[in-house]
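Fair warning: this is a prediction, and the values are worked out from it, not measured in the lab.
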Amino acid sequence: MSGDQPRNAICLGGPCHGMLTHIDQDIGTLTVPVPRRSPEEPEGMARYRITRERVHHPCRTEPFIALHWADPPEPAGLPCPCGLRH
């Protein structure tokens with residue numbers, strides 16, 4: 001993943017839901033940095049699975065690659081693998 005290149009993928013589900021990113025690989029899983037809500041919040045990471053699914057959006061002529069959250073949901077009130085509480 002690189003922040004310098006055009007965004008070509010969208011995270012679906014999990015703590016990064018709706019976030020756009022750039023990926024260079026076609027298959028597998030990758031780790032996405034979880035956006036922090038404040039500077040004091042610890043940095044977190046979430047795993048996303050690359051899929052064949054494509055999501056169209058009016059802001060771009062090419063569809064986005066769908067990245068589905070690969071980490072299992074945690075019971076309510078417990079921290080998720082990214083370090084956030086839900």
Donor-acceptor contact below 3.5 Å, side chain Tyr48 vs main chain Cys16 = yes

CA sep, side-chain torsions, deciding dist, call: Leu30, Gln25, side chain to side chain contact (heavy atoms under 4.5 Å, CB included) = CA-CA 9 Å; Leu30 51 91; Gln25 65 191 70; 4.3 Å; yes

First locate atom CZ of Arg7, then atom CD1 of Ile23, and finally report the distance between them rounded to the nearest 0.5 Å.
-> 14.0 Å

Taking the side chain as every heavy atom from C-beta outward, state whether Leu20 and Phe64 have any atom pair closer than 4.5 Å.
-> yes

Value rounded to 0.5 Å, distance of CD in Glu41 from CZ in Arg36 | 7.5 Å

Would you find a donor on one side and an acceptor on the other, under 3.5 Å apart, between the side chain of Thr51 and the backbone of Ala66?
-> yes

Arg54 (side chain) donor-acceptor with Arg52 (main chain) under 3.5 angstrom | yes

Which atoms form the tightest heavy-atom contact between Trp69 and Ala46, and what is the distance?
-> NE1-CB, 4.0 Å

Determine, stepwise, if the pair His17 / Leu12 fulfils side chain to side chain contact (heavy atoms under 4.5 Å, CB included).
-> CA-CA 5 Å; His17 182 75; Leu12 301 176; 4.2 Å; yes

Minimum side-chain heavy-atom gap Ile65-Ile10 below 4.5 Å | no

Minimum heavy-atom separation for Met19 to Pro35, with atom names?
-> SD-CG, 3.6 Å

Pairwise side-chain contact, Glu43 with Pro33, heavy-atom cut-off 4.5 Å (strictly under) | no

Heavy-atom side-chain contact between Ile50 and Thr29 under 4.5 Å | no

With no hydrogens and no angle check, do the side chains of His68 and Glu53 hold a donor and an acceptor under 3.5 Å apart?
-> yes

Determine whether Val32 and Val34 make a side-chain contact, defined as any pair of heavy atoms from C-beta on separated by less than 4.5 Å.
-> no

